[in-house]
Number of protein chains: 2
Amino acid sequence: MAKGTLPSSDSLSAKAPEERRERILRATVDVVRTRGFAGARVSDIAEAAGTSQGLVLYHFHSLAGALDAALTLLEDEFYDDLARDLQEQVGPVERLRHMADLGAGLGPAVGDWRLWLELWVRALHDPDARETRESLDRRWRTALREVIEEGVAAGEFAPSDADAAAIRLASLMDGLAIQLALEDPDMTPERLADLWWDAAALELRMSP
Amino acid sequence: MAKGTLPSSDSLSAKAPEERRERILRATVDVVRTRGFAGARVSDIAEAAGTSQGLVLYHFHSLAGALDAALTLLEDEFYDDLARDLQEQVGPVERLRHMADLGAGLGPAVGDWRLWLELWVRALHDPDARETRESLDRRWRTALREVIEEGVAAGEFAPSDADAAAIRLASLMDGLAIQLALEDPDMTPERLADLWWDAAALELRMSP
DNA sequence: AGGCTATCTGAATGAGCGTTCAGTACATGC
DNA sequence: GCATGTACTGAACGCTCATTCAGATAGCCT
């Protein structure tokens, strides 16, 4: 029934295959988000993308291939989004504040913590995923580190140990986010942002 | 072939069934630890326990039943171990220090962070697991909270907000532990304990 | 027009795995 | 001794699901 709904005559059809591939990739991410890596089926992906199972396997070699590709897409987009998002902020304090909001999912959603949780567990058993998550983590931590250094240079922050502060603040974000992802009754995006912001003020000895 | 290796005559055989059940439960925990919840098979459990698949299903109704039972066992043991462990310490500072070591896996292993990660992801999709993890988290956080209050009463700690400090320190532990569980190259048990201890000193405004 | 290749589909295949089941062994109560 | 129930096993059974495959369709080169 999913047939040539349109005449198919002209230029459009040419770029269709790439579009299709992209759609499948997006669908894969969606499925992982809702069903998890372990629960993702080829049929789920095909249905979400509105294609046949065969096509999923045609473009990516296997289910694992599709999952890997989705992971890569996620990694790239995370990096781009983060970089662009932070670029828009003016000073170190604003950037830091923005990171609190990003982690809380208040700003433009850079990622979805449920997805990160899934990635972590997959990383427990799959070396590829392990590398991806390490890379993602490093990027986030580096971004944080840079903001801190910028703040120190500007005289806004005065951490006793910038390195340790960066690792702790990044880790704190992870830990708080777990509760958010798991819908712990006493955690909300706002509370997360506040808790993290206060910790940052403490760690970095901010003035206000 | 796994036969009556011993005469089987006397008193021993009477308590065998319960022993067997226990063995299967332990085996289940082990399998989850290595293969994860999603990767655990009835055959894995049976093999690890040295029994038939049939017996696993005989004692626990289904694979899910075995996993749930293992989860419950874990929860109970976690609580008992934690309570006993902390009881042995003398003052709030020692207790807090001990919690740092427990989290780092340096003290007597209260739990295994890989298992917690698995639990978190299972909690994303299974309400039972969600409740279990919430309960475990609450216990840990409450224990921390009590140590903090004890320290405040003793004049050792002076947090600006005890509640927030407890949540942050608990969350920080989770976040740091993720890196440990995932064998991030720049995280070791000692480093985790140090990082967390320093954060505690900062949050609680400890003297030394 | 007529092959050639890329894209796509739906059905078939077959492996893996949870669960069921018929049956064995052994202990206990009558 | 015989019946009954509990513990246990190994062999099916049947279902789910990734992967394969034999085409269908349509653009492209000659």
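Remember, predicted model here, so these are calculated numbers, not experimental data. Chain naming here is simple, since letters A, B, ... match the order of the sequence lines and numbering starts at 1 in each.
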Pairs: protein N or O with nucleotides 4-7 of chain C N or O, under 3.5 Å:
from: dT7(C); atom 1: OP2; to: Tyr58(A); atom 2: OH; distance (Å): 3.0

Practice problem: Show your reasoning for whether side-chain contact (heavy atoms from CB on, under 4.5 Å) applies to Trp116(A) and Ile178(B). | Solution: CA-CA 11 Å; Trp116(A) 283 182; Ile178(B) 290 165; over 6 Å; no
Practice problem: Sequence neighbours left out, what passes salt bridge (Lys or Arg N to Asp or Glu O under 4.0 Å) with Asp30(B)? Give chain and number order. | Solution: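 Expected list: Arg33(B).
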Quiz item: Are the charged groups of Glu118(A) and Arg114(A) less than 4.0 angstrom apart, N to O?
Solution: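 Salt bridge between Glu118(A) and Arg114(A), a charged N being under 4.0 Å from a carboxylate O: no.
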Quiz prompt | Basic-acidic side-chain contact under 4.0 Å: Arg23(B), Glu19(B) | solution = no
Practice problem: Do nucleotides 17-23 of chain C as a string where each nucleotide becomes B, S or -: B if the base has a protein heavy atom under 4.0 Å, S if just the sugar-phosphate does, - if no protein is that close. | Solution: SSB----
Quiz item: Quick one: CD on Gln179(A) to CG on Leu192(A), what's the gap to the nearest 0.5 Å?
Solution: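 So the gap between those two atoms works out to 8.5 Å.
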Exercise. Sequence neighbours left out, what pairs pass salt bridge (charged side-chain N to carboxylate O under 4.0 Å, His left out) with at least one residue falling in residues 175-193 of chain A?
Key: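 Residue pairs with at least one partner in residues 175-193 of chain A: Glu183(A)-Arg130(B), Asp184(A)-Arg133(B), Asp184(A)-Arg141(B), Asp186(A)-Arg141(B).
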Exercise. Hey, could you give me each pair passing salt bridge (charged side-chain N to carboxylate O under 4.0 Å, His left out) that has a residue in residues 119-128 of chain A? Not counting sequence neighbours.
Key: Asp68(A)-Arg122(A), Arg122(A)-Asp126(A)
Quiz item: Quick one: does Arg95(B)'s side chain have a donor or acceptor within less than 3.5 Å of a partner on Leu86(B)'s backbone?
Solution: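 Yes; at least one donor-acceptor contact below 3.5 Å.
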Self-check item: Short side-chain to backbone donor-acceptor contact, Trp196(A) and Leu169(A), under 3.5 Å
Solution: yes
Exercise. Take the C1' atoms of the five end pairs on each side of the helix from dA1(C)-dT30(D) to dC30(C)-dG1(D), derive the two axes, and give their angle rounded to 10 degrees.
Key: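 Axis angle across the helix from dA1(C)-dT30(D) to dC30(C)-dG1(D), nearest 10°: 10°.
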Quiz prompt | For atom CZ of Phe60(A) and atom P of dT19(D), their distance in whole Å | solution = 14 Å
Practice problem: Write down the distance between CD1 (Ile24(B)) and P (dA7(D)), rounded to a whole number of angstrom. | Solution: 12 Å
Practice problem: Might you confirm whether atom CD of Glu88(B) has over 12 heavy atoms from other residues, nucleotides or ligands at distances under 6.0 Å? | Solution: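 Atom CD in Glu88(B) is packed in, count exceeds 12.
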